[in-house]
Amino acid sequence: MRVNPDMSGDVLAAIWKTQSQENTALQQMSTGKRVNLPSDDPLAAAQMVGNQAQSDRADQYLQNIDSLTSQLQTADTALGSAVTAVTQAITLGVQGSTGTLSDANRQQIAQNLLGIQSQLVQLANTSVGGAYLFGGTATTAPPYTLDSTSPSGVTYNGNSGTNTVKVADGLNLQTNMPGNQLFQNAAGDVFGSLQRLITAMQTGIAADAKSATNDLRTAFDSLTGQRIFYGNAVNQLNSTQTFLQQEQVTLKSQANNLVGADLTKAATDLTKATTAHDAALAAAAKILPTSLLDYLR
Amino acid sequence: MPGLGTSLSIAVQALDANQGALNVTTNNIANVNTPGYSRQVAVLNEAPTFQESGVTFGGGVTLEQFQSIRDELLQLRIYEETGQQGNSQTQMNSLNQIEGIFADPTQGVGGALSAFFNSMSQLSTSPTDNNARQAVLTSANNLANSFHQAVSSLNSIGTGLDQSVPQTVGQINRLTSQIATLNGQVAQMQGLGQEPGTVQDQRDELIRQLSGLLNISVTQTEHGLTLTTANGVPLVVANQSYALQSNANNSVLEHVYSAQGQDITSQIQGGQLGGTIQVRDQVIPQLFTQLNTLASQLATSFNTQHAAGFDASGNAGQNFFTPLPSTTDAAANFGVAITDPRLIAASSDGSAGSNGNLEQLIGLRNQQLPSGANPMDMYANLVLQVGNLGANAQANVTASNLSVQQLTDQRSSVSGVSLDEETTNMIRYQRAYEAGARVVTTVDSMFSTLMAMGVTT
C-alpha cells in the first residue's frame, strides 16, 4: 500500500502541537492564571467580572468603615464630654437646691452653669471635615446657637434627618443621630432643664432648682441612653470589618479557583509537553533525513 | 524472419522509452516540494506486433504518455475543508483582538463601572466632602472614557476587517481569472487527447487557494470545471471568469457584488472572506448592541433616580449623564452632563448633608435595568459571549486544521512524490537502458560478423 511519502507536514504539526502545549503550561506558570483571555474559559471569565466587582465593593466597604469609624468615635467622644458636663451641672444643681446658700454663692453657681451651657453647645456643634455631626442631615451649619429668648436657652438649626451608609451588601448602617433627638427628646431635655436650673439659681427659688435638677437627671439618663447608639454603631462596624476581611479572603480564593492556574498541574503539563516535544524532535531527526539514496552506492 | 535491422530499431525504442521514463522520474524528483504537484508515471505500452512467416513478433515498446496520479474526490474535500479553515482562522484572529478589550475584569467598562459605584459609596460617608464629590465626577468620566475606548477599539477592528474585504475580493478575482485560463487549457488538451497533468496541477492548486478565501462549489463539465460560490453565483465557467466587485454602499461598509451586480455579501459564509464578513457584520454589531443597551439604560435609569434627589444647594437633581433616549451609538455618546461637583444630587431631603439619594443611586448597581439584568451582569454577559465566540472559533480552527492535515496526507499518499519510489524507478529505467544499449552493441557486433563473412582473410 502506498503511504504518504512526505512526513514533513505531520512532523511539523506534531512539533507545533507539543510546542503550543509547552507554551500554554509555561504561560500558566508565569502568569499564575489559567484564564488569560475570556475564550480560555468563557464562564469563568464572566464570573470573574462579578467576583472582581464584589471584591472592589468589599474594599470600598472597608474604606467606608474607616471613615465612618472616625466620625462615630469623634461623636461618641463629644457625647462623653457632654455627659461629664451634665454630671457637673447636676452636682451644682444639688448644691444649689439646699436653700442655705448665699445669693453670691447662687450667682456663682449660675455662672458655672452658664459655662457648662456654652460648653454643651460647643460639644453639640462638633464637626468632622466641616460637617456638623449632630445637625441631622443639615450638616453645613452649626446645629445649636445660644438664644436667651428661647425657653431652652438655645435654638436648634438642624433637622431630624438621618443618613445610612452601606457598609456591607445588605447592611445599611445609620450613621448619625440628630441633635434634637440626642439632647432634647420626649424623655428629657438637657438644654431646657439646664436653662430652668440656671433661671432658678439666678432667681433663687429653691423648689424650682430642685425640680429642674431632677429633670436634668432624667435628661442625663436619656442622653446616656441615646449615646449607646454610637457605641453600638462602632461595634457593628468592627464586626463588619472582620466579616469583610474574611469575605475578601473567600473572594480571593474563589477568584483563584475560577481563573488561577493549578501550578502543580501546570508543572506536570510542562514536563509532559517537553517530553512529547523532545520525542517529536527525536523522531523527526531520525525519519526526515533518511531515504533509499543513503543505501545506494 | 525479421532482420538485424528490426532488432536494432526495437533496441532504439527501448532506449527512447526508458530515457523518456527517466525524464518523468527526474521531473517528479524536481517537483518533490512543489505545492499541488501530482506525481506522474510513464505509461509504457507494447508496440504493435507484426507477423512474418506465420510467427508473431513483438514490436518493442512505446512510451504512451505521462499520466498524473490524482484523486478528484479527495481534491473536492480539500477545497471544502480549506474553506472552513480559512473562515475559522480569520474569525479567531479577530476575536482574539476583541477579547483583549474585555479580558481584564479590573479594567475597561467593567472595572470603571465598579469604580464609579464605589466612588459614590465613598461619598455617602461624607456627602458634603467636595473632594469625594469630585471623585464621583472623575470616576463617571472614566466610565464614559472606557465606553468610548471599547467603541473605538471595536470600530478599529471592524474597520480593519472592512478594509480587507476589497483586498480579498481582488485576490479572488486574480485567482479566478488565472483558473479560467488554465481551465480552458485543460479542456483543450483533453479535447486533443493530451494529458493535461501539469496544467491541471496548477489549476487545482489555484482552486485550493481560492477555496481558502470563500466557499466555492466545483462541478465537472465537458468544458472543464465550473466554479460557483456556494449559492450558485458563477465565478469560472469554462475559460471565462466572472469577477466579483466590492463597493462601499450607502453605509460605510464594503459590500460584495456578483458580476451581474447582485449583492451577495450576506451569502458568503466560508473562507477568509466569509469569516471577515461574519465578524464584521454579525459579531461586532451584536457586541455594539449590548454595549449600547447597557450605556443607554444605565444613563436613563441613573438620570431618573438622580432627578429624584437634591444637589448640594438644595435644588432638584439635573441630568447626571447626557440623556441617551435611543440605543443608537449610545456607548459612543455616553457622557457626563455636569461638571460642578455640587450638582451631584446626593440628598434626598434637600439638606446638603443627606446621602439618601446616593444610597438609591448606589442601589442601581443591583437593580435590573429594562434589559432584565443589572449593569454588572449585563457586562458579565458580554464577556461570556465574547469568550464563547473565541472558544468556538478556536475549536473550529483546531478541528479544521486537523481535517486539512489528514486530507493533505491522504492526497499525498496518492499523488505525493516519494523519493524512495523515484530512486527505485530510476534504477529500473537505468538498468533497462543499459540492457537496451547492450543489445545495440551486440547487434553492432553481429553486423560486423555478418560483414566479415564476405571477406577472406
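Just so it is clear, the structure is predicted and the values come from calculations on it, not from any experiment. Both backbone and side-chain heavy atoms feed into the values below; hydrogens, waters and symmetry mates do not. Labels below follow one simple rule: chain letters A, B, ... track the order of the sequence lines, proteins then strands, and each chain is numbered from 1.
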>> Could you tell me if A/Gln60 and B/Ser121 have a donor-acceptor pair between their side chains, going purely by distance under 3.5 Å?
In response: no

>> To the nearest 0.5 Å, what is the distance between CD on A/Gln52 and CE on B/Met376?
In response: 8.5 Å

> Given a strict heavy-atom distance threshold of 4.5 Å, which part of A/Gln54 is in contact with chain B: side chain, backbone, both, or neither?
Replying inline: neither

>> I'd like to know which of B/Asn33, B/Asn355, B/Val383, B/Asn366 tops the heavy-atom pair count under 4.5 Å against chain A.
In response: B/Asn355

>> What's the separation between atom CG in A/Asp6 and atom OG1 in B/Thr408, rounded to the nearest 0.5 Å?
In response: 10.0 Å

> Are A/Pro5 and B/Val417 close enough that some pair of their side-chain heavy atoms sits under 4.5 Å apart?
Replying inline: no

>> What part of A/Asn51 gets within 4.5 angstrom of chain B, counting heavy atoms only: side chain, backbone, both, or neither?
In response: neither

>> Within a 6.0 Å radius of atom CD on B/Glu205, are there more than 12 heavy atoms belonging to other residues, nucleotides or ligands?
In response: yes

> So with a 6.0 Å cut-off around CE of A/Met7, is the heavy-atom count from everything else above 12?
Replying inline: no

> Which bit of A/Ala45 comes within less than 4.5 Å of chain B, counting heavy atoms only: side chain, backbone, both or neither?
Replying inline: both

>> Before you tell me yes or no, could you show the steps for A/Asn4 and B/Ser412 under side-chain hydrogen bond (donor to acceptor under 3.5 Å, both in side chains), namely the whole-Å CA-CA distance, both residues' side-chain angles and the distance that decides it to 0.1 Å?
In response: CA-CA 5 Å; A/Asn4 171 20; B/Ser412 183; 2.5 Å; yes

> What part of B/Arg411 lies closer than 4.5 angstrom to a heavy atom of chain A: side chain, backbone, both or neither?
Replying inline: neither

> Who among B/Thr128, B/Asp409, B/Thr423, B/Thr424 has the most heavy-atom pairs with chain A under 4.5 Å?
Replying inline: B/Asp409

>> So for B/Ser348, is it side chain, backbone, both, or neither that comes closer than 4.5 Å to the heavy atoms of chain A?
In response: neither

> Step by step, would you call A/Leu292 with B/Leu419 a side chain to side chain contact (heavy atoms under 4.5 Å, CB included)?
Replying inline: CA-CA 8 Å; A/Leu292 185 56; B/Leu419 287 178; over 6 Å; no

> Where is the tightest heavy-atom contact between A/Ser67 and B/Gln122, given as atom of each residue plus distance?
Replying inline: OG-NE2, 3.7 Å

>> Testing the basics here: between A/Ser39 and B/Ala391, what is the closest heavy-atom pair and its distance to 0.1 Å?
In response: CB-N, 3.4 Å

> Considering only heavy atoms, which portion of B/Glu422 lies under 4.5 Å from any heavy atom of chain A: side chain, backbone, both, or neither?
Replying inline: neither

> Which bit of B/Leu402 is near chain A, if near means a heavy-atom gap under 4.5 Å: side chain, backbone, both or neither?
Replying inline: neither

> Can you tell me how far the CG atom of A/Leu68 sits from the OG atom of B/Ser124, to the nearest 0.5 Å?
Replying inline: 7.5 Å

> Which pair of non-hydrogen atoms, one from A/Gly161 and one from B/Asp349, has the smallest distance, and what is that distance?
Replying inline: CA-OD2, 4.4 Å

> If you round to the nearest 0.5 Å, how far is CG of B/Asn118 from CG of A/Asp56?
Replying inline: 6.0 Å

> What part of A/Ser291 gets closer than 4.5 Å to chain B, counting heavy atoms only: side chain, backbone, both or neither?
Replying inline: both

> Under 3.5 Å, is there a donor-acceptor pair between the B/Thr125 and A/Asn64 side chains?
Replying inline: no

> What part of A/Asn159 is in contact with chain B, defined as an atom under 4.5 angstrom from a non-hydrogen atom: side chain, backbone, both or neither?
Replying inline: side chain

>> Counting only non-hydrogen atoms closer than 4.5 Å, does B/Glu359 touch chain A with its backbone (N, CA, C, O), its side chain (CB onward), both, or neither?
In response: side chain

> Heavy-atom distance under 4.5 Å to chain B: side chain of A/Tyr132, backbone, both or neither?
Replying inline: neither

> Quick one: of B/Ser418, B/Ser354, B/Ala103, B/Ser114, who has the most non-hydrogen atom pairs under 4.5 Å with chain A?
Replying inline: B/Ser354

> Picking from B/Met426, B/Glu421, B/Gln406, which has the most non-hydrogen pairs under 4.5 angstrom with chain A?
Replying inline: B/Glu421

> Could you state the interatomic distance from OG1 (B/Thr398) to NZ (A/Lys17), rounded to the nearest 0.5 Å?
Replying inline: 9.5 Å

>> Assess the residue pair A/Arg2 and B/Val414 against the criterion (side chain to side chain contact (heavy atoms under 4.5 Å, CB included)); give the C-alpha distance rounded to whole Å, side-chain angles, the decisive distance to 0.1 Å, and a yes or no.
In response: CA-CA 7 Å; A/Arg2 199 168 194 278; B/Val414 176; 5.9 Å; no

